[in-house]
Amino acid sequence: MAYQENFFTRGPSPLARLTFFSLLAIGVMVADHRFQALPWMRSGIAAVLAPIEMALQFPGRAGRAAGEYFTEQARLIEENRELKAQVLELGASRQQVELVKGEVRQLAGLAGFDNRFASKGLIAEIIRDARNPYSRKVVIDKGSRAGVAPGRAVIDGLGVVGQVTAVGPFSAEVTLTAEKNHTVPVMVVRNGLRALAVGSGREGMIDVPFIPSGADIVPGDELVTSGIDGTYPAGLAVARVSAVDKNPALPFARIVAVPSASAVSHRRVKVLSHEEIAAYPQPDIPAEENRSAKPSKPVRRSGGERR
């Protein structure tokens, strides 16, 4: 009978293997702990396993990074939307603040603690321009119910705006100083020269006609109301001379002035009261009117004489 090898080769028994590897492990641990004999082995194994570990961690890290990216992007988009809304709100608030500050400055000018024309009168708001686009008129929100009457002077914090020319129950029409042929008696502050400021019909332009070419008036002179018409109190700023053309061939100089006040720059104006206007001297009454006036009653003296 021929020799036949075993199909499965038997080695050491499992118990022997367990005992051997247990003793080997204990020996390695003792050598590593007592004699620090295996750091190089750990370093080598760590160097070999590091790329494998990084490769295994890459999908998890990539997934977390992608989730954080989309979460951060959504958060930034929401913050950007909120910041844009805040910018719009702040922009609107800033415009409102600037508007309120401008109105406060204008009201302070109208209040005029140092202005002798500001103790009385009526503050009104400009609600619209006149229907005729070629006229220099505005409509205010105060009428006869508030005590506004035709002929009243209208000012702002800078000077004369115009004059009330038409009055309704709840609104009134104000003719501006730049309206064509609207006349305001004025005087030059520098030398007291009297003149007439006549509206040219052009926005921002006032003519000063009938001034002789030799008169002492130069660009920059300030024109104020002279008070001789009984409508405007004396001393209100009307305009400032911007150009003077003195042609020796003409009897009168061509003088152009810029209005001191502008109804297009403010929302509120002040209508002067009758008391403020009546408190200033009126034009002299001619002698003919004096003679036509009723004679005064005779004054009885103590001696019985009449005078």
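Predicted model, so just to flag it, every value in this text is computed and none were measured.
A donor-acceptor pair under 3.5 Å is formed between the side chain of Thr225 and the backbone N or O of Pro233. A side-chain donor-acceptor contact under 3.5 Å links Asp141 to the backbone of Glu125. For the pair Ser200 (side chain) and Met205 (backbone), a donor-acceptor distance under 3.5 Å is present. Formation of a donor-acceptor pair under 3.5 Å by the Lys270 side chain with backbone atoms of Ala153 is not found in this model. A distance-only check finds no donor-acceptor pair linking the side chain of Asn80 to the backbone of Leu83 [under 3.5 Å].
Considering CD of Glu82 and CD1 of Ile77, their distance stands at 12.5 Å, rounded to 0.5 Å. Put simply, CZ on Arg240 and CG on Asp221 are 8.5 Å apart, with the number rounded to the nearest 0.5 Å. The distance from atom CG of Leu176 to atom CG of Asp129, rounded to the nearest 0.5 Å, is 8.5 Å. We find the CG-CZ distance between Leu223 and Arg194 to be 14.0 Å, quoted to the nearest 0.5 Å.
Between Asp216 and Arg190, at least one side-chain nitrogen of the basic residue sits less than 4.0 Å from a carboxylate oxygen of the acidic one, meeting the salt-bridge criterion.
Two residues are said to be in side-chain contact when any heavy atoms from C-beta on lie closer than 4.5 Å; Phe170 and Lys142 fail this criterion. At a threshold of 4.5 Å between non-hydrogen side-chain atoms, the residues Ile206 and Val256 do not count as touching. Between Leu272 and Ile155 there is a side-chain heavy-atom pair separated by less than 4.5 Å. Side-chain contact check for Val164 versus Glu173: every heavy-atom pair is 4.5 Å or farther apart. At a threshold of 4.5 Å between non-hydrogen side-chain atoms, the residues Val241 and Ile255 count as touching. Residues Val184 and Leu196 have side chains not in contact (no heavy-atom distance under 4.5 Å, counting atoms from C-beta outward). Thr231 places a side-chain heavy atom less than 4.5 Å from the side chain of Gln163.
Side chains of Glu53 and Gln57: a donor-acceptor N/O pair is present below 3.5 angstrom, by distance only.
Hydrophobic clustering, with ILVMFWY side chains joined whenever heavy atoms are under 4.5 angstrom apart, groups Val208 together with Leu193. Under the 4.5 Å side-chain heavy-atom criterion for grouping Ile, Leu, Val, Met, Phe, Trp and Tyr, Met54 is not connected to Leu49 through any hydrophobic cluster. Residues Ile126 and Val161 share a hydrophobic cluster, clusters being chains of Ile/Leu/Val/Met/Phe/Trp/Tyr side chains in contact below 4.5 Å. Both Leu122 and Val154 are part of a single hydrophobic cluster, where members link through side-chain heavy atoms under 4.5 Å apart. The hydrophobic cluster containing Met187 does not contain Tyr232, counting ILVMFWY residues as joined when their side-chain heavy atoms lie under 4.5 angstrom apart, directly or transitively.
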- Item | Step-by-step side-chain contact (heavy atoms from CB on, under 4.5 Å) determination, Ser226 to Val186 | CA-CA 5 Å; Ser226 61; Val186 297; 5.8 Å; no
- Item | side-chain contact (heavy atoms from CB on, under 4.5 Å) between Arg128 and Val139, intermediate numbers included | CA-CA 5 Å; Arg128 67 174 186 272; Val139 178; 4.0 Å; yes
- Give the C-alpha distance, both sets of side-chain angles, the deciding distance and a yes or no for side-chain contact (heavy atoms from CB on, under 4.5 Å) between Ser135 and Glu179. CA-CA 6 Å; Ser135 65; Glu179 171 69 4; 3.8 Å; yes
- What do the steps show when you test Val238 against Val224 for side-chain contact (heavy atoms from CB on, under 4.5 Å), and what is the final call? CA-CA 5 Å; Val238 177; Val224 299; 5.5 Å; no
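Of the residues listed (Ile123, Val271, Val167), the one engaging Ile140 in a side-chain contact (heavy atoms from CB on, under 4.5 Å) is Val271, and it is the only one.
Residues forming a side chain to side chain contact (heavy atoms under 4.5 Å, CB included) with Glu79 (at least two apart in sequence, or on another chain): Arg75, Leu76.
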